[in-house]
Amino acid sequence: MQEGPFLVRTRYAPSPSGTLHIGGARTALFSFLFAKHYGGDFVLRVEDTDRARLVSGSEEALMRSMESLGILWDEGPDVGGPYGPYRQSERLVEHQRYAAQLLDEGKAYRCYCTPEELDAARKARQAQGLPPRYMGTCRKITVDDPIHQTHKPYVLRLKIPLSGVTVVDDMIRGHVSFDNAILDDFVIVKTDGTPTYNFAVVIDDWAMHISHVIRAEEHLSNTPKQILVYEALNFSLPQFAHIPMVLAPDRSKLSKRHGATSVEEYAAQGILPEALANYLLLLGWSAPDGREFMTVADAIPLFSLDRVQHTAAVYDQKKLEWMNAQYLKSLPVTTVAQAVRPFVEKLGITMEHGPSLEEGVELVRERAHTLQDLAEGMRFLWQNPEEYDAKGVDKHFSNPEVVARLQALAETMEQLSKDQWHHDGLVQAFDQLATQLGIKRAELIHPCRLALTGRTVGPGLFELVVVLGQEETVARLLTVATALSRGALKLEHPIG
RNA sequence: GACCCCAUGGUCUAGAGGCCUAGGACAUCACCCUUUCAAGGUGGUAACCCGGGUUCGAAUCCCGGUGGGGUCACCA
């Protein structure tokens, strides 16, 4: 707790209309960190008033994504809390009560204009180069007007001041003032009786005792409207903080055409949630000491809004992957193994025989950027290569001596005892054979790797052989030697 | 278009008037290491949007321009 007697309470309020967007994830993350930094509470609220846009299952998905990133809420639709309900739709009665109050007090009025009329008026104004505002046609209707006795559908509009300015005191941007003259009497309750966002959000934040409204910059322009609602309702204002947006590499708003944009998609790509959270943390915020590699928990004591950038940030897939590689290398083997398991299974690999998954992870994680890379890189441990890299074959299998060399190598490998089956023992064996054949060690190493894995790239040969095991190594060497002597080796040509 | 926000290398950023010949990270290039590819190490290329002020002094303050982003719904 920093200043004042009030507990810091922040919230993230997504609408359940899709997956958790990385921009939203970052907003939630910052909001969470701010609350936790001051020992406060972080609240999850689902803004589900628009039934038309509701996507079933997305509330669950949203929560799973947030949890994976370590953004944990103290109160929310699943766990409840003292200031519920935590679904906007469940607060309808309260919204309507406040709306009725404003109507009684003459701070709001019924508007009978049809969407068609409004649309026509808007177009007319735009044609004249005027801003498309509502001109207050129904504002002039008196309370005793007979129209109220008819059953024409209506909306409720807020009667806003015709002049003056509304100032948003933003923790990141300072004082931002808006001329009331450019605002119009916006709708607070729709024809069907449900509240609009700008109305409901105010009541919800007030009812939930939110002290700091931290959200994306796209909401800054809506804030004066909300402040007007706060004032009409005689609610005290929370603190506002509008954080910059996350943009696509072409500086446009992030959308599907930019590839992966949701936490779910990154997970499917093999990005660890720890890495994504860390990367998101760096998008618009920097630690006082310049440290980049840190967990969400590490960031709590360091986080502050005054170190949040004012400029929109462009996300960079390359740096995300670099970050992911850092985590792949440093997380406990068992953690990585657990994370990569589904990716390995997806490749159709069964691990009943051969090395353990942990051994595989240890062997190849150094050179993987994603869990997909990792799974693909471990494949040869449990599956015989079916095809062999064409360029590699050309390079390492073209010498007619190769068949004999592979056979000799298989024999040498077979003769090694169990206690010689380690890195140094293998090096010794390879050296001896190379000397015997009058060739360099590398002339044994490269064909051997290709025979064992089908590829020319991968882990160090001796490490690889140790893990692959004696039986399998000998078998594969002989298989290739035989296929080669019959000219029956299947080649894999690189795509493209 | 109107209103609002913003402006340091390709990208994320440090910088709160002299500490800046502008620092770090990703990416990129070169070299080293080396059984391949990575990783790692070393070094390099690369930025204060432009123009006016203010000041002894400006990346840092002010104004204008330009550029980018956002908002203008009975969506949230």
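Values below: all heavy atoms of this structure, side chains included; hydrogens, waters and symmetry mates excluded. The sequence lines fix the lettering, A, B, ..., with proteins before strands; numbering per chain opens at 1. Here the structure is a predicted model, which means the values were calculated and not measured.
Other residues, nucleotides and ligands contribute at most 12 non-hydrogen atoms within 6.0 Å of the CD atom of A:Q428.
For the pair A:T191 and A:G460, nearest-nucleotide mapping onto RNA chain B gives the more 5' position to A:G460.
Of the listed nucleotides (B:C37, B:A76, B:G24), B:A76 has the atom at the smallest distance from the side chain of A:K190. Of the candidates B:C75, B:G10, B:C74, B:G10 carries the atom nearest the A:D316 side chain, counting heavy atoms from C-beta on. Residue A:K253 has its side chain nearest to B:U71 when only B:G40, B:U71, B:A76 are considered. Of the candidates B:C12, B:C37, B:G70, the closest approach to any side-chain atom of A:R367 belongs to B:C37. Which of B:G70, B:C75, B:G40 sits closest to the side chain of A:E218 comes down to B:G70. Among the nucleotides B:C3, B:A14, B:A39, the one closest to the side chain of A:I182 is B:C3. For A:N222, the side-chain atoms get nearest to B:C72 when compared with the rest of B:C72, B:C4, B:U35.
A:R441 has no side-chain polar atom (N or O) that falls below the 4.0 Å cut-off from OP1 or OP2 of B:U36. Applying the 4.0 Å criterion to OP1 and OP2 of B:A25, one finds that A:K318 has every side-chain N and O outside that range.
A pairwise comparison of heavy atoms in A:R215 and A:H242 identifies CD-NE2, 3.0 Å as the closest pair.
If you take NE2 of A:H423 and P of B:U35, they are 10 Å apart, rounded to a whole angstrom. At whole-Å resolution of the value, CZ in A:R125 and P in B:C72 are 17 Å apart. Rounded to an integer number of Å, the gap from A:R215 CZ to B:U71 C1' is 12 Å.
Among the heavy atoms of the strands lying under 4.0 Å from A:T49 are primed sugar atoms or P, OP1, OP2 only; no base atom is included.
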Start with the C-alpha gap between A:E376 and A:R379, add the side-chain angles, then the distance that decides, and say whether salt bridge (charged side-chain N to carboxylate O under 4.0 Å, His left out) holds. CA-CA 5 Å; A:E376 189 56 54; A:R379 176 178 224 138; 3.0 Å; yes
